[in-house]
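Data block below; observations after.
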Amino acid sequence: MTAIPGESASPRTGRNSALLDLYRTMRRIRSFEERVGELFVRGQTAGSMLHLSIGEEAAAAGVCATLQPQDTFTTHHRGHGIFLARGADPRRMMAEIAGKMDGYCHGKGGSMHIADMQLGHLGANAIVGGGIPAVVGAGLSSKRKRLGALSVAFFGDGAMHQGILYESMNMAALWDLPVVFVCVNNQYGMGTRVDQATRAPNFHERAIAFGLNGLTVDGLDVEAVRGAASEVVDAARDGKPGFLAVSCYRFFGHARLDKSPYRSEEEETEGRNKDPVRFARERLVAERMAEPQALDMLDAAIGREMDETIDFAVAAALPPDASMFRDVYAVGEPEPEPLRVRLDRVLARD
């Protein structure tokens, strides 16, 4: 955890402590995502696409602040910030995005398929809504085994039009599972604006119709997000599954190469003014919870931390070819034989 240089080591108490921690988390997400974009421009990421969550930081920080160590979650293709808010090591994350052996999945997952069971990350998924049903299974397992664990599905507004979401919400409600569905509504499903995709944009009302607790919160205010998330999460732990829609604005295009020609400059300027990181910083200063100079020092320290993530990822080794089938087939199963080796064997036998 990055500390403010010169900050007291003694535990802080009160609202200023909580908001400062949330600000720190959001600033780390913002800085990490900026470095991910830089790594992509340098041609040092694995794969041809990646998706940034800049503008959505309050959803990740606010919801993850309510989770407990035993809880699990799934994310979508824009999940870097969520995993970082959960406590992931940014160096291992960046190494994974770079396709390196030191990454969380040894370079096999890349940006869109990071997972880590130790932190409860059941996996990111590039299929729209693909990770949603997994939390139903996790919730059912927790309930049957009395694990006391909550499971959260994070997804974008595009997944609100996938049938699997409604099947999952129905099952969670029917079985009283400790599950929460979190829609990070950044106003666009790829290039389609939300009001061009549905005549019913109050997403939480759909969840209520299935028997869930349903709330919508403004993603500009991370404290409001954490408060709404706490309400839904606490009820879910008691057997009343919930749904939370966090309204925010995607600062950039769908993927890194998308220049979002479907949005006007005026719209993007207005949307980027709804900056949760800046909003939290201004509140900290306005309400005298932190001095601007201290926050400047914190921002600089986080910047140095994230610069080091790029250096780590670039220096990390690529996975050896021999590891291609590792973690793909069950332990003890023979690895597939390369075609050339098989042909040579067959021809030699003949």
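Only a predicted model underlies this, so the values are computations on that prediction, with no experimental measurement involved. We count residues from 1, following the sequence as given.
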| message | Filter on salt bridge (charged side-chain N to carboxylate O under 4.0 Å, His left out), then keep only pairs touching residues 48-66, sequence neighbours left out; what's left? | response |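 Of all non-adjacent pairs touching residues 48-66, those that pass salt bridge (charged side-chain N to carboxylate O under 4.0 Å, His left out) are Arg30-Glu57, Glu56-Arg78.
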Gap between atom [atom2] of [Y] and atom [atom1] of [X] - 0.5 Å precision:
{"X": "Asp258", "Y": "Met49", "atom1": "CG", "atom2": "CE", "answer": "8.5 Å"}
{"X": "Gln162", "Y": "Leu165", "atom1": "CD", "atom2": "CG", "answer": "9.0 Å"}
{"X": "Asp176", "Y": "Leu140", "atom1": "CG", "atom2": "CG", "answer": "11.5 Å"}
{"X": "Leu84", "Y": "Met26", "atom1": "CG", "atom2": "CE", "answer": "12.5 Å"}
{"X": "Ile132", "Y": "Phe181", "atom1": "CD1", "atom2": "CZ", "answer": "7.5 Å"}

_Show, in sequence, the C-alpha distance, side-chain angles and deciding distance for Asn125 and His113, and conclude whether the side-chain contact (heavy atoms from CB on, under 4.5 Å) test is met._
CA-CA 6 Å; Asn125 202 305; His113 299 94; 5.5 Å; no
Do you know which two heavy atoms are closest between [X] and [Y], and how far apart they sit?
{"X": "Thr72", "Y": "Ser151", "value": "OG1-OG, 2.8 Å"}
{"X": "Ala58", "Y": "Pro276", "value": "CB-CB, 3.8 Å"}
{"X": "Val225", "Y": "Gly62", "value": "CG1-CA, 3.9 Å"}
{"X": "Val180", "Y": "Ala236", "value": "CG2-CB, 3.6 Å"}

Do Asp102 and Lys100 pass the salt bridge (Lys or Arg N to Asp or Glu O under 4.0 Å) test, and can you show the C-alpha distance, the side-chain angles, and the key distance before you say yes or no? CA-CA 6 Å; Asp102 289 332; Lys100 299 300 185 66; over 6 Å; no
For a 4.5 angstrom cut-off between non-hydrogen side-chain atoms, does [X] reach [Y]?
{"X": "Leu150", "Y": "Gln68", "answer": "no"}
{"X": "Leu177", "Y": "Val136", "answer": "yes"}
{"X": "Ser53", "Y": "Ile29", "answer": "yes"}
{"X": "Ser31", "Y": "Arg35", "answer": "yes"}
{"X": "Thr309", "Y": "Leu39", "answer": "no"}
{"X": "Arg42", "Y": "Ile310", "answer": "yes"}
{"X": "Ile82", "Y": "Cys64", "answer": "yes"}
{"X": "Met306", "Y": "Pro90", "answer": "yes"}

Would you say [atom1] of [X] has more than 12 non-hydrogen atoms from neighbouring residues, nucleotides or ligands within 6.0 angstrom?
{"X": "Glu265", "atom1": "CD", "answer": "no"}
{"X": "Ile127", "atom1": "CD1", "answer": "no"}
{"X": "Lys143", "atom1": "NZ", "answer": "yes"}
{"X": "Gln118", "atom1": "CD", "answer": "no"}
{"X": "Glu34", "atom1": "CD", "answer": "yes"}

Return each pair, listed once, that meets side-chain hydrogen bond (donor to acceptor under 3.5 Å, both in side chains) where at least one residue sits in [range]; pairs must be two or more places apart or across chains.
{"range": "residues 209-234", "answer": "Arg15-Glu223, His204-Thr216, Asp221-Arg283, Glu223-Arg283"}
{"range": "residues 85-97", "answer": "none"}
{"range": "residues 236-252", "answer": "Asp71-Arg237, Tyr249-Arg263, Tyr249-Glu267, Arg250-Tyr262"}
{"range": "residues 316-326", "answer": "none"}

Any chance you could pull the hydrophobic cluster mates of [X], using side-chain heavy atoms under 4.5 angstrom and chaining through other members?
{"X": "Val331", "answer": "none"}
{"X": "Leu122", "answer": "Met117"}
{"X": "Leu220", "answer": "Phe279"}

Please assess Asp157 against Cys183 for the test side-chain contact (heavy atoms from CB on, under 4.5 Å), listing each intermediate value before the final yes or no. CA-CA 6 Å; Asp157 49 282; Cys183 174; 4.2 Å; yes
Step by step, would you call Val314 with Gln44 a side-chain contact (heavy atoms from CB on, under 4.5 Å)?
-> CA-CA 7 Å; Val314 170; Gln44 294 174 316; 3.6 Å; yes
Distance to the ring centre below 6.0 angstrom and angle to the axis at most 45 degrees; does that hold for Arg28 and Tyr23?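 Pair Arg28/Tyr23 does not count as cation-pi.
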Pairs touching [range] that satisfy ring pair (Phe, Tyr, Trp, His ring centres under 6.0 Å), sequence neighbours left out:
{"range": "residues 284-305", "value": "none"}
{"range": "residues 70-100", "value": "His51-His77, Phe73-His121, His77-His254, Phe83-Tyr104, Phe83-His121"}
{"range": "residues 329-348", "value": "none"}
{"range": "residues 135-178", "value": "Tyr166-Phe210"}

Check ion pair Arg24-Asp21 (N to O, under 4.0 angstrom):
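The answer is yes: the pair qualifies as a salt bridge.
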Thr198 and Arg206: side-chain contact (heavy atoms from CB on, under 4.5 Å), yes or no, with the steps? CA-CA 12 Å; Thr198 179; Arg206 305 186 191 183; 2.9 Å; yes
>> Under the criterion salt bridge (Lys or Arg N to Asp or Glu O under 4.0 Å), I'd like the reasoning laid out for Asp296 against Arg281: C-alpha separation, chi angles, the key distance, then a yes or no.
In response: CA-CA 10 Å; Asp296 288 343; Arg281 179 188 171 100; 2.5 Å; yes
